[in-house]
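Following: one structure in structure tokens, then a few remarks.
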Protein chains: 2
Amino acid sequence: MPAKRKSASATAEHAPLQLEHFLPYRLSILSNTVSQAIADDYQRRYDISVTEWRVMAVLARFEGLSAREVAERTAMDKVAVSRALARLVGAGRVSRVTHDDDKRRSVLGLTEAGWRMHDEVAPMARARERELLARLDAEERAWLTRILDKLLSDGNGNPEAANR
Amino acid sequence: MPAKRKSASATAEHAPLQLEHFLPYRLSILSNTVSQAIADDYQRRYDISVTEWRVMAVLARFEGLSAREVAERTAMDKVAVSRALARLVGAGRVSRVTHDDDKRRSVLGLTEAGWRMHDEVAPMARARERELLARLDAEERAWLTRILDKLLSDGNGNPEAANR
DNA sequence: TGCAAATGGTTTCATATGAAACTATAACGT
DNA sequence: ACGTTATAGTTTCATATGAAACCATTTGCA
């Protein structure tokens, strides 16, 4: 057999992983580049982080949530939510009052300023998503949705994950 | 029209994002849960992080790389690689010597101990990947590969990303 | 009632991470 | 040869992150 270099270790006997074909690795790369690309749009412009934006996004859909509920819906842990809220409230983008019947809970919502920002960022985010999906044809897009639904159902995603 | 609650803001006029259908968000959730699940396998057991494991994985495939080349192939930045290498060398899992012709570069490779660990972790990682993919049927798996190839080619992934 | 356990949220602490500055060596142009 | 620029890699610093401890309030129940 023709002698190759390579210290005889990086060969069959060790069966090294091929990172570039390893699904978890590929997902991680894709997820990071995509999120980063989108975040770059508003990060600087509005001085807001991805986690903060996610909090705003759920508050735009569901007014009056508590912090815990926000954590559930964003799949973030409660520490992250607490911190994001601190900044958002500080920046006047989110309002927070104590729940009438349960003084532990807070009742959250977007402020006027929060809504204004939301209404600028949401279309941008959607546009970026469209750009990304434009690289697939209709059939591929349909499969992607289906596959993600499947992989995210059950153990993953947030549904039925009690607290965090 | 029938009056609904909800402060009249979270409605059509604002078109809030539906996080749970937003591709970047879904990718992020999936990527995190998958990576975490796999990492849990070896994290505690071998006291090694995901980034360190990735470095080991490429060194298993390509002996004698420099740190920069490792960074390229793992899509990690050079600071992360530098730190991972420091720990790996310290733990006796990676060997590092200075390149003969270029004293800036290091020449990296797995040690005996590194190989032993690699040979235990790699099959575990592959098994986890198989479990994940087992939730899809053959057709879906094929589409997923194709879609990821497409989305990762060009701007994303590491190919042609000069340095970082 | 009154007290143990649970829950909502925040703070603390230890670790992870990236950008920018820095050190050492090499490459390039004159 | 010699200074300028580029490259490999490390360190520093500021920020991000999560687990665990913590405080306040509420719930469950004897």
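Residue numbers start from 1 in every chain, and the chains themselves are labelled A, B, ... in the order their sequence lines are given, proteins ahead of strands.
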Legend entry - Whole-Å distance separating the CD atom of B:E72 from the C1' atom of D:dA8: 12 Å
Legend entry - nucleotides 10-16 of chain D: protein proximity per nucleotide (B base, S sugar-phosphate only, - neither; heavy atom, under 4.0 Å): BBB----
Inset, instruction - In whole angstrom, give the distance that lies between atom NE2 of B:H99 and atom C1' of C:dA24. - result: 16 Å
Inset, instruction - Starting at atom CZ of A:R105, determine the distance to atom P of D:dT25, rounded to an integer number of angstrom. - result: 15 Å
Legend entry - Rounded distance in Å - CG (B:D102) to P (D:dG9): 8 Å
Inset, instruction - State whether A:R68 places a side-chain N or O below 4.0 Å from either non-bridging phosphate oxygen (OP1 or OP2) of C:dG8. - result: yes
Legend entry - Rounded distance in Å - CZ (A:R104) to C1' (C:dA5): 12 Å
Inset, instruction - Would you kindly give the CD-to-P distance between A:E69 and C:dT7, to the nearest whole Å? - result: 14 Å
Inset, instruction - Taking only the side-chain nitrogens and oxygens of B:S66, find out if one of them lies under 4.0 Å from OP1 or OP2 of D:dG9. - result: yes
Legend entry - Which residues share a salt bridge (charged side-chain N to carboxylate O under 4.0 Å, His left out) with B:D101, sequence neighbours left out: none
Inset, instruction - Examine distances only and state if a side-chain atom of B:R135 and a backbone atom of A:K150 form a donor-acceptor pair shorter than 3.5 Å. - result: yes
Inset, instruction - Determine which pairs satisfy salt bridge (charged side-chain N to carboxylate O under 4.0 Å, His left out) with at least one residue from residues 107-118 of chain A, sequence neighbours left out, and list them in order. - result: A:E112-A:R116
Legend entry - Value in whole Å for how far the P atom of D:dA8 lies from CG of B:L108: 13 Å
Inset, instruction - Name all pairs fulfilling the salt bridge (charged side-chain N to carboxylate O under 4.0 Å, His left out) condition that reach into residues 118-128 of chain B, sequence neighbours left out, sorted by first residue then second. - result: B:D41-B:R128, B:R128-B:E131
Inset, instruction - Keeping to residues at least two apart or across chains, list the ring pair (Phe, Tyr, Trp, His ring centres under 6.0 Å) pairs with something in residues 26-49 of chain A. - result: A:Y42-A:W53
Legend entry - A:D137: side chain to side chain donor-acceptor pair (under 3.5 Å) partners, not counting sequence neighbours: none
Legend entry - Value in whole Å for how far the P atom of C:dG8 lies from NZ of A:K103: 17 Å
